[in-house]
Amino acid sequence: MSDYKYDHQAVEEKWLQSWESSGLFCSTDLDLNESDLKNKEYLLYAFAYPSGSGLHVGHVEPKTALDIQARFKRMNGKKVFFPVGWDAFGLPAENYAIKTGIHPKETTKAAINTFRRQVKRLGISYDWSSETATNNPDYYKWTQWIFQQLYKKGLAYQSEGKVNWCPSCQTVLANEQVVSGRCERCDSEVVQKDLKQWYFKITEYKDELIEGLRQVDWPEPTKNQQINWIGRSEGAEVDFSIDLDNKSAQKITIFTTRLDTIFGATFMVISPEKFEQKNLFKFLSQDNQQKVQEYITLAYKKTEEDRKIGEKDKTGVDTGLKIINPFNQEKIPLYVADYVLGGYGTGAIMAVPAHDERDMAFAQKFNLTIKEVVVDGHLINSGEFTGLEVREAVSKMIAAKPDVSRSSVNYKLRDWLISRQRYWGAPIPVVYDPEGKAHLVKEEHLPWLLADDVDFKPTGESPLKSSEEFKARVEKLYGAGWTPEYDTMDTFVDSSWYYMRYCSSRDSLQFADKKRLQDWLPVNLYLIGPEHIVLHLLYSRFFTKFLRDEGYLNLPSGEPFAKMRHQGMILGPDGRKMSKSKGNVINPDEIIKEYGADTLRVYEMFMGPLEADKPWNPRAVAGVSRFLRKIYRLVNLEIAKYKNSSSQLIENRAELVQKLHWVIQKLSLDLPELKYNTAIAALMEFSNLWEKSADDSKLLLKKEELLAFIKIIAPLAPFIAEELYSQSKLLGLKMQSSVHLESWPEYEASLVQKASVVVVVQVNGKVRSQFEWPTSRIDEKESILNEAKSLESMKKWLDGQKIQKEIYIPGKLINLVVS
RNA sequence: GCCGCGAUGGCGGAAUAGGUAGACGCGCGAGACUUAAAAUCUCGUACUAGCAAUAGUGUGUGGGUUCGAUUCCCUCUCGCGGCACCA
């Protein structure tokens, strides 16, 4: 057989240059007309942070997966928008600056350049004309503008309170960024600190953030995680009064999801924060005042980690006060204990040790009464409510005491703390007058530029404080004694609206054009790692809903991402997460150098289902390379035969033609479903069959068939497809300048079917024989059953047996039930 | 503890409106080409017994529904992810 060498390096470089100079796909016309609207396809990959270490094989998978969609959809006549940009603010660049003194501006620029080059080398067909980066003033101008819109609506506010402080990063963290008491970035233990900080009132949208999930096509587990994070729970509030001699009407309100157990409440617990806030010290005896004060001081010192230890060993202190249960008038003791959280519900609970584990643990430690009030779903020892079922008891109890009880709903979701005491982020566009009152930076002063003259060394205060220019700027623009806000915004603010900016990346007058947003949103397919489920997605949905409510966006659902899927993690060859310290990192540049970008792309798509975590297998990469070279050889063999005009089609080619139509159908169905691994397997099956007769001197495929095959590999392996397409121009067919401008080939349903099928014969569910049968006659049940029963190989299974039942699944199998 | 996901050959994985389990790739074995090697190609490859035809077993465990279960239902075990003193 002739030898066709495929020089991946030369071929890929050649087409990269060709695509670059022809501007293929790098600029989408975003102004749609009526007929484009139904055809639009907005494909989005999670905003990437341009890290200094460059592209990782883990980035290659989702980028390729979406690129295949983009190419496939274009070939199917869709108007595709496939933008790219950089989530360029953030800690790593700043930490690097602390170490080296190199300005984050410089390192970020260099990192973006590296990423851009690497992504292009992979053959990702991004629309580079809409490229953007969050650290560009023309981007963060609008991040700041959105902050100001939120502020004007009372949805951005300042509040003093306990915040999560990471002593290593020297900044506060949002609740979402604290992972079991530790900083999600650096794993240091998070401590509580009192600080005045900026918050976004995401809780304003809590119910809609749950409701909206019904309208999107997202993986169910993802929806569940968001719902759990928002943590809606229905229950009741009940007012208990404090038993005081002077009859002053002091009340403590509790929240419970188990109002039905209220007759079992044997004590009450209030959180340290709430006790202080309600200023209940004055009702305590001198002695108790001191004890309670000591306990509260101690509790505040605890870190999250200490509180966790407390799960097993509960602490608390008896206030000496008695509280009256409004349902049975029982007087029960009031404890202060930190197992009740100040920030959830009303900060106080009725403790029912018989029906709550935590209350039980506390009761046992402090020797408190335990009273059972529910058995087998029915109330006991509950006065007039005894005998009722749990469910009806709750509503009847509220109805019986409307003055002291009401139904109530609580959420775990808190407002989003966005202040960061860091440098490399968008400055919060606020200035303070000499009295310390906050004012928005005037709109004409946006973008409110990030000062350059700063000292990066962490001091626990915002690095911007060290900028002379920043202070001078504020005094110059706003007057003597005015000062800037020195904190910057959480980078999640930047990435909460980038998919809108993409539609108008160059617009200097507005954050995005309303018509374009209406035309392009929602995103048709969002591919994003599972690590972004609670943070980024929740914040982005909040922003979209807010901007919709402000009239900047016509999107009734307020849901920016109509369909979302997750990619899995590419693990090292040892099956563990790749990391430098484990020495199991695969460098994509090296794979491209050895095998080419097509091999890297196809291999990663072939590893397994997109959403699964998959270990890297160096040998299997070589297998994919082998497959691509085989394709190259097979196509070239056919082209060579066509050069010889006397060549004739081989007579017996029905099987190959059937397989070709089958593989076109398989890809047509699998590609839009992102089932790339099975699509590639089908291509391999086809080329294996093709190869069997490759040595025949007669033609195996018609010109159009050969071309159809080249077209269907184009989304997966764009370089080799382009090369083969270019070589096929010799065939004299009417062709485009690039295979990537071609349309997707049709398959003929009649040709997908094989001429005959194999019918399996089972006896009592076990396979005993099989026979071939013409596909055209698969509906002839009687003849098929007769054929099965008369098979020589069936004799020993049927002799002397009585057939009780005959089951025929058309074209597949027969099951004979005998006894 | 709660919520969610998963378990199939030596390995990655296919196949679920219930219908031949193991497609495709890797690895392994045998062969062709070659002075030889590489590359490439061909054949074989779930397990057990057998020279073979063939038979039996088999999709984490135990049970159920069914003519028929990897697929549906129940139980348990293990692994992964998220949340976690949220009343």
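Lettering of chains follows the sequences in order, A, B, ..., and the numbering in each one begins at 1. These figures come from a predicted structure and were not determined experimentally.
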Please report the distance, rounded to the nearest Å, between CZ in A:Phe362 and P in B:C85. 17 Å
Can a side chain N or O of A:Lys614 be found less than 4.0 Å away from OP1 or OP2 on B:G12? no
Nearest-Å distance for atom pair NZ/C1', residues A:Lys223 and B:C83: 20 Å
So which protein N/O to nucleotides 80-82 of chain B N/O distances come out below 3.5 Å?
from: B:G82; atom 1: O2'; to: A:Gln225; atom 2: OE1; distance (Å): 3.2

Counting only Watson-Crick or G-U wobble pairs whose two distances fall under 3.5 Å, which nucleotide matches B:G56? B:C47
Of all heavy-atom pairs between A:Pro353 and A:Met360, which one has the smallest distance, and what is that distance? O-CB, 3.4 Å
Grab the CG-C1' distance between A:Asn764 and B:U66 for me, whole Å please. 13 Å
So among A:Arg626, A:Arg629, A:Lys630, which one has a salt bridge (charged side-chain N to carboxylate O under 4.0 Å, His left out) with A:Glu691? A:Lys630
Charged N to carboxylate O below 4.0 Å: is that the case for A:Glu655 and A:Lys754? no
Tell me whether the OP1 or OP2 atom of B:C41 has a side-chain N or O from A:Arg629 closer than 4.0 Å. no
With a 6.0 Å cut-off (strictly less than), is the heavy-atom count around NZ of A:Lys365, excluding the residue itself, greater than 12? yes
I'd like to know if A:Lys274 and A:Glu276 make a salt bridge, using a cut-off of under 4.0 Å between side-chain N and carboxylate O. no
Contact pattern, 5' to 3', of nucleotides 17-29 of chain B - B, S or - by protein heavy atom under 4.0 Å: --BB--BBSSS--
Looking across every strand, which nucleic acid part, if any, lies under 4.0 Å from A:Lys796 by heavy atom: base, sugar-phosphate, or nothing? sugar-phosphate
Should the ring pair A:Trp773 and A:Phe771 be called parallel, tilted or perpendicular, given that the plane angle runs from 0 to 90° and is split at 30 and 60? perpendicular
A:Asp356 CG to B:C85 C1', straight-line distance once rounded to whole Å: 9 Å
Would you classify A:Arg232 as touching base, sugar-phosphate or nothing, given that sugar-phosphate means primed atoms plus P, OP1 and OP2, and contacts are heavy atoms under 4.0 Å? nothing
Taking any heavy-atom pair under 4.0 Å as a contact, classify A:Thr222: base, sugar-phosphate, or nothing. nothing
Classify the ring geometry of A:Tyr539 against A:Trp416: parallel below 30°, tilted from 30° to 60°, perpendicular beyond 60°. parallel
RNA chain B: A:Lys675 or A:Tyr411, which has the more 5' nearest nucleotide? A:Lys675
Side-chain donor/acceptor contact of A:Lys412 with base of B:C83 under 3.5 Å: no
Output the rounded distance in Å from NZ (A:Lys692) to C1' (B:U40). 15 Å
Please report, rounded to the nearest Å, how far the P atom of B:U40 is from the CD atom of A:Glu691. 11 Å
If you define the side chain from C-beta out and look only at heavy atoms, does anything of A:Gln226 sit under 4.5 Å from A:Leu213? yes
Is the glycosidic torsion of B:G56 within 90° of 0, making it syn, or is it anti? anti
Hey, does the side chain of A:Tyr339 come within less than 4.0 Å of B:A87's phosphate (OP1/OP2), counting only N and O? no
Starting at CG of A:Leu628 and ending at P of B:U40, how long is that distance when rounded to a whole Å? 13 Å
Just call it for A:Pro609: base, sugar-phosphate, or nothing, with non-hydrogen atoms closer than 4.0 Å on any strand. sugar-phosphate
Starting at atom OH of A:Tyr335, determine the distance to atom P of B:C85, rounded to an integer number of angstrom. 23 Å
May I ask you to establish whether A:Lys314 and A:Phe362 are in a cation-pi arrangement, using a distance under 6.0 Å from NZ or CZ to the six-membered ring centre and at most 45° from the ring axis? no
Which part of the nucleic acid, if any, lies within contact of A:Trp797, taking any heavy atom under 4.0 Å across all strands shown: a base, the sugar-phosphate backbone alone, or nothing? sugar-phosphate
Any ion pair linking A:Asp799 and A:Lys795 (charged N to carboxylate O, less than 4.0 Å)? no
